[in-house]
There are 2 protein chains.
Amino acid sequence: MRLNNTSKYAIRILSYIANNNQQLHNAKELSETLDIPYKFLTKIMTELTKSNFIISTRGREGGYTLSRPTDEITIMDVLQNFNDIIYQKDCLLGIGKCDGSNKCGLHDQWVKPKKLIKKMFENTTLNDFKGSNFKI
Amino acid sequence: MRLNNTSKYAIRILSYIANNNQQLHNAKELSETLDIPYKFLTKIMTELTKSNFIISTRGREGGYTLSRPTDEITIMDVLQNFNDIIYQKDCLLGIGKCDGSNKCGLHDQWVKPKKLIKKMFENTTLNDFKGSNFKI
DNA sequence: TTTAAATACTACTAAAAGGTAGAATTAAAA
DNA sequence: TTTTAATTCTACCTTTTAGTAGTATTTAAA
Ligand code: SF4
Ligand code: SF4
């Protein structure tokens, strides 16, 4: 019941850049301030660049910057990119074939939190991380 | 954002047995009705036996049965057993060092669904699966 | 024009989760 | 007492996720 590491890292990276949106950030800086292994970070950065969250500048004095305004990148966008989302139809037990007449003891209780989580991911953008300055 | 397969299977197995609590169930039957690979199922059954959810009878005419009343086994118990729980302190981004004065855009929104999920797992017992007869 | 400092690419290794194979053990039925 | 049908044990294989290594490419500064 958790996000995968790549998603977590990606959100932290993007949030940090959103919070310091004027400069260009290079991999060394990001790796050190966010405490993410350098090689793993560059791999994620390349994925974020390819999937158009980030614009990268190569060569000396290069680095990374956001590709669009902070309020146009939702957490859901990021999670989708790393196949780490919760669908409305998702069944906790991985069955999903039951209907109203025969459901397990979790079915109804799962509806509400699932909706809240979905809404949370859809309605939160990088803009909501601005000024937050949460640790690491 | 999902349970691991072993947990899911374990819950399905225990629920099924709870629903048919008079008989002894053997691995072949469980594997076939619940559509869980036989060898994987027996592995899980042995774990469930060792962790005292299940009492097994070995030898010919052997099988499995619940070790205690259906209302004394919560879903949380099962998840704990397979290291698949959500703790109240758990942070979505795996940081968890932030406090009230500096929190990210998800922190407050995560509180409510997390509580609901925890409550759901703690308050649901195998008894709540009785008579449900959900598919597979 | 060379060098330094950055990203990108290719390919691999490590750990965890998911799953399988085969033999050993147990105990009732034949 | 032998056979059969069940669980258990040990050891392995496969897939996915996480992470690392080394080299190639790019570009601006020196
Ligand atoms: S009833 Fe339970 S098992 Fe069936 S789809 Fe709903 S949550 Fe899943
Ligand atoms: S503020 Fe965000 S990152 Fe920090 S502990 Fe809360 S949820 Fe986790």
Side-chain angles (χ1 to χ4, degrees), chain A residues 1-14 17 23-67 78-85 93-94, chain B residues 1-14 17 23-67 78-85 93-94:
Chain A
M1 188 51 85
R2 54 191 178 83
L3 301 179
N4 67 41
N5 263 5
T6 314
S7 296
K8 287 187 202 169
Y9 284 155
I11 295 172
R12 283 170 58 190
I13 293 163
L14 292 170
I17 298 179
Q23 312 126 263
L24 212 60
H25 300 275
N26 66 41
K28 189 161 174 289
E29 181 217 339
L30 293 173
S31 161
E32 282 168 5
T33 47
L34 299 175
D35 197 32
I36 299 171
Y38 178 83
K39 280 293 194 180
F40 196 26
L41 179 127
T42 57
K43 196 178 190 176
I44 296 172
M45 293 317 288
T46 303
E47 291 182 68
L48 287 172
T49 300
K50 281 187 174 160
S51 49
N52 208 247
F53 288 97
I54 286 285
I55 291 172
S56 71
T57 312
R58 299 185 65 172
R60 190 167 175 159
E61 307 289 291
Y64 303 102
T65 184
L66 289 180
S67 69
V78 181
L79 297 182
Q80 299 232 58
N81 200 60
F82 296 102
N83 297 311
D84 200 10
I85 33 174
L93 303 185
Chain B
M1 189 52 83
R2 55 194 175 82
L3 300 179
N4 67 42
N5 261 5
T6 315
S7 296
K8 288 187 204 170
Y9 284 153
I11 296 172
R12 283 169 58 189
I13 293 162
L14 292 171
I17 298 180
Q23 312 126 261
L24 211 58
H25 302 275
N26 66 40
K28 189 161 174 289
E29 181 216 341
L30 293 173
S31 161
E32 282 168 3
T33 47
L34 299 175
D35 197 31
I36 298 171
Y38 178 82
K39 281 290 192 179
F40 196 25
L41 180 128
T42 57
K43 195 179 191 176
I44 296 172
M45 293 317 289
T46 303
E47 292 181 66
L48 287 172
T49 301
K50 282 186 174 163
S51 48
N52 208 246
F53 290 95
I54 286 286
I55 291 171
S56 71
T57 312
R58 298 184 66 171
R60 188 167 175 160
E61 306 288 292
Y64 303 101
T65 183
L66 290 180
S67 69
V78 182
L79 296 183
Q80 301 232 57
N81 200 60
F82 296 102
N83 297 310
D84 200 10
I85 33 173
L93 303 185

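Atoms considered below: every heavy atom in the structure, side chains included; atoms not considered: hydrogens, waters and symmetry mates.
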Just the rounded figure in Å: distance from [atom2] of [N] to [atom1] of [X].
X: His25(A); N: dT7(C); atom1: NE2; atom2: C1'; answer: 16 Å
X: Leu41(B); N: dA6(D); atom1: CG; atom2: P; answer: 14 Å
X: Asn5(B); N: dT16(D); atom1: CG; atom2: C1'; answer: 12 Å
X: Arg2(B); N: dA17(C); atom1: CZ; atom2: P; answer: 11 Å

Listed nucleotide nearest any side-chain atom of Phe40(A), set dA18(D), dG18(C), dT3(D):
dA18(D)
With no angle test and no hydrogens, is the base of dT8(D) tied to the side chain of Arg58(B) by a donor-acceptor pair under 3.5 Å?
no
Quiz item: Lys8(B) side-chain donor-acceptor pair to dG18(C) base, under 3.5 Å
no
5′-ward residue of the pair Lys39(B)/Thr57(A) relative to DNA chain C:
Thr57(A)
Just to be sure I understand the rule, does [X] reach a base, reach only the sugar-phosphate, or reach nothing, if contact means heavy atoms closer than 4.0 Å?
X: Phe82(A); answer: nothing
X: Ser56(A); answer: sugar-phosphate
X: Tyr38(B); answer: base
X: Lys43(B); answer: base

Rounded to the nearest 0.5 angstrom, the CD1-OH distance for Ile55(A) and Tyr64(A) is 13.0 Å
CA sep, side-chain torsions, deciding dist, call: Lys43(B), Glu47(B), salt bridge (Lys or Arg N to Asp or Glu O under 4.0 Å):
CA-CA 6 Å; Lys43(B) 195 179 191 176; Glu47(B) 292 181 66; over 6 Å; no
Is any side-chain N or O of Thr49(B) closer than 4.0 Å to OP1 or OP2 of dT7(D)?
no
